[in-house]
Peer 1: 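Questions regarding the structure given below will be posed in turn.
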Amino acid sequence: MNLKARIPRIEICNEFKGTEEECQALERALQSPEYWQATTFRDQIGHLCKFLRTGSINVSFERIGQLFNESKHTVWDQYQNYLKGDRPDGRPASLTEKEQLDVANYIQMLHSATNPIFPTYNDISFYITNKFNKTILDDTLRHIIKIKFGHLFKVITAKAQEDGRFYVCPKDIEENLNLLASEVNGVPPDFVFNLDEVGCHDFADAHDKYVIAPITYDDSSTTYPVTRQNKRCSSIVCISLNGLACRPQITIPRVTVDSQIYKYIPPSSFQIASSSSGFVNTETFSLWINYVFLPHLHNLRQQTGYRGRAVLILDGYLPHKNSLSQIDLQGENLIIHYLVPHSSNQTQPLDLVIFGLMKRFMNDFKTPEKLTAQSKQLYKIHQAIYRCCTPINCRSAFRAIGINTKHEINGSQWFEVAIFNLLSISKVQCYQISYIRELINNGKQLTPNQLFIYQKSSIPQTDDNQRIRTSSLH
């Protein structure tokens, strides 16, 4: 008898955020030989749960799934299969006509929700198990839906996305962006900031590559070496509309750093911090805020003479809030703008442009051979930050969430300020024309911003280019 087909191994693609104890447990799991040798996703989940779901640690299936861009249902399913071990397939329980109709009604209910949900076969199997106490194979379920309800449903391809991000309320995003617009309008480009952390782990960040092989090579694929031994490190990156705003801070799990790195990288171009997990915590974030960001802001004000408001855009990660609560924000004339939770894939400039470029750069970047493993990590992430955080890339990142610039004149002098433009937003799902048209087709009411975007979509946008006398530029 044939065993059920198993999902092949899936590599980690998202950073894990948790308590220090949870991060240490994950690191031990990733370093265990059982996890290295796992060839299926089922075995990966089983070995991870040995470390992440113990008496003192209980990381949810949802959070484990976020590491791989998989749902909690998938993780739970794989964990149950791991516990059961290998066994032959059995004949699935059948659904009655009434139960089949119930399933169809459930799918229609999900489709007609305020935020429509397109369920997977695994979602529906989960529903059937919970409600009818029956187990049904995906193939059987697929057959039922195709034969019985082919006039109601069809199967389409969906790109995997974190659950929390999928269910972000459009109203929350709109209110947040409207507030951001009022905060950034009129602020000089150097004083509009966005900060976030980016992780670096050679093996977890590795991607497939296209390589050139000799014509005589028989196989259709090959492998390339990536070390598993390096521990994860992370970096705080802060950009403005004019490029990299101030020194990044790289957090490493060791309390010492190899001096050889300073033969290649000037100490003044980055700051080193240490945490046992390699992730940013309240202590390391406070170190960066007080010794890098605030001195940079003070110097910038002194150089430009600007005393107006500055805006710092970031997510609501707890260490951020803990550190910033200790600062006299009013005295600094600094507005902290927290993005809607789980919306960074739509509203965080660094996530939309910079970090994707950095990951691709680090994946192919070659480091000096004589460096230690730690120094190679520092070298690679430092180079990626400085090569990717160019003024052009940073402006593109801010433009993706609606923040542009314009020139204004004061007497004979021109100066530049930030403005907010809904029409330049490119990644907010609920503002995409296809999404708005789908709402209209379903008779749903549009938000004010959606209505504005829809009305403007049919009007050709004029180029606001103007000639500025060179002697007036600052």
Side-chain angles (χ1 to χ4, degrees), residues 7-32 35 38 40-54 57-82 115 117-120 122-123 126 158-169 172-173 196-201 203-207 231-235 277-281 314-321 338-348 350-352 355-356 358-359 427 429:
I7 300 174
R9 181 187 181 92
I10 300 176
E11 299 306 338
I12 291 175
C13 54
N14 288 319
E15 185 174 321
F16 178 81
K17 292 184 179 180
T19 65
E20 184 171 342
E21 184 181 13
E22 290 172 346
C23 291
Q24 291 175 348
L26 176 62
E27 192 65 28
R28 291 195 299 273
L30 296 178
Q31 297 295 333
S32 66
Y35 185 83
T40 65
F41 187 48
R42 184 192 73 171
D43 289 339
Q44 284 180 277
I45 294 301
H47 294 310
L48 283 179
C49 288
K50 288 180 181 179
F51 291 85
L52 299 180
R53 295 182 64 81
T54 65
I57 302 175
N58 191 28
V59 178
S60 68
F61 291 121
E62 180 178 10
R63 292 174 63 203
I64 295 174
Q66 288 171 359
L67 289 169
F68 304 91
N69 271 339
E70 294 291 343
S71 71
K72 60 183 178 183
H73 304 298
T74 300
V75 174
W76 178 87
D77 208 31
Q78 294 301 314
Y79 184 55
Q80 296 304 310
N81 289 338
Y82 176 84
N115 295 316
I117 300 171
F118 296 165
T120 64
N122 193 63
D123 293 330
F126 195 77
K159 185 177 180 180
Q161 189 177 41
E162 179 187 339
D163 285 350
R165 291 179 172 183
F166 187 85
Y167 296 115
V168 174
C169 178
D172 292 341
I173 288 182
D196 198 12
E197 296 92 40
V198 59
C200 177
H201 190 289
F203 187 81
D205 295 337
H207 300 283
K231 293 186 176 181
R232 180 178 293 273
C233 66
S234 58
S235 178
S277 65
F279 291 105
V280 175
N281 55 28
L314 69 166
D315 61 33
Y317 186 36
L318 188 59
H320 297 166
K321 292 186 174 181
Y338 290 113
L339 299 169
V340 175
H342 307 297
S343 73
S344 60
N345 64 319
Q346 300 182 66
T347 59
Q348 177 93 269
L350 282 163
D351 271 349
L352 296 181
F355 288 164
M358 286 180 58
K359 293 289 186 181
K427 298 298 184 180
Q429 181 184 7

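Note that these values count all heavy atoms, side chains included, but never hydrogens, waters or copies made by symmetry.
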Peer 1: Within the 4.5 Å heavy-atom criterion, are E70 and Q78 side-chain neighbours or not?
Peer 2: no
Peer 1: Can you tell which of V75, T74, I45 makes a side-chain contact (heavy atoms from CB on, under 4.5 Å) with F68?
Peer 2: I45
Peer 1: Are the side chain of T19 and the backbone of E22 linked by a donor-acceptor contact shorter than 3.5 Å?
Peer 2: yes
Peer 1: Compare every heavy atom of L30 with every heavy atom of I12, then report the nearest pair and how far apart it is.
Peer 2: CD1-CD2, 3.5 Å
Peer 1: Nearest 0.5 Å, please: how far is CG in L339 from CG in L314?
Peer 2: 7.0 Å
Peer 1: Using the six-membered ring of Y35, assess whether NZ or CZ of R9 lies under 6.0 Å from its centre and within 45 degrees of the ring axis.
Peer 2: yes
Peer 1: Using ring pair (Phe, Tyr, Trp, His ring centres under 6.0 Å) as the criterion, list what pairs up with F16, not counting sequence neighbours.
Peer 2: none
Peer 1: How far does CG of N14 sit from CZ of R63, to the nearest 0.5 angstrom?
Peer 2: 13.0 Å
Peer 1: Can you confirm whether H320 sits close enough to E197 that some side-chain heavy atom of one is under 4.5 Å from a side-chain heavy atom of the other?
Peer 2: yes
Peer 1: With a 3.5 Å distance limit and no angle check, can you tell me whether Q44 reaches the backbone of I10 through a side-chain donor-acceptor pair?
Peer 2: yes
Peer 1: Considering only heavy atoms from C-beta outward, does the side chain of D315 approach that of Y338 to under 4.5 Å?
Peer 2: no
Peer 1: Please round to the nearest 0.5 Å and tell me the distance separating atom CZ of R28 and atom CG of L52.
Peer 2: 9.0 Å
Peer 1: Look at the rings of Y79 and F61 and say which category their plane angle falls in: under 30° parallel, 30 to 60° tilted, over 60° perpendicular.
Peer 2: tilted
Peer 1: Can you find a pair of side-chain heavy atoms, one from D196 and one from D351, that are under 4.5 Å apart?
Peer 2: yes
Peer 1: To the nearest 0.5 Å, what is the distance between OG1 on T54 and CD on E21?
Peer 2: 7.0 Å
Peer 1: Grab the two heavy atoms, one from L352 and one from S344, that are nearest each other, plus how far apart they are.
Peer 2: CD2-O, 4.2 Å
Peer 1: Can you measure from OG (S71) to CD (Q66) and round to the nearest 0.5 angstrom?
Peer 2: 11.0 Å
Peer 1: Got a second to check how far F41's CZ is from N81's CG, nearest 0.5 Å?
Peer 2: 11.5 Å
Peer 1: For a quick test of reading the model, state the closest non-hydrogen atom pair linking G278 to S234 and the distance between them.
Peer 2: O-OG, 2.7 Å
Peer 1: Using a 6.0 Å cut-off, check whether atom NZ of K427 has over 12 heavy atoms from anything other than its own residue.
Peer 2: no
Peer 1: For V59 versus R53, what's the shortest heavy-atom pair and its separation?
Peer 2: O-NH1, 2.8 Å
Peer 1: Would you check if F51 and S32 make a side-chain contact, meaning some heavy-atom pair closer than 4.5 Å?
Peer 2: yes
Peer 1: State, yes or no, whether a side-chain contact exists between L26 and L48 at a heavy-atom distance under 4.5 Å.
Peer 2: yes
Peer 1: Minimum heavy-atom separation for A38 and H47, please, with both atom names.
Peer 2: CB-CD2, 4.3 Å
Peer 1: Can you check whether Y82 reaches K50 side chain to side chain, under 4.5 Å on heavy atoms?
Peer 2: yes
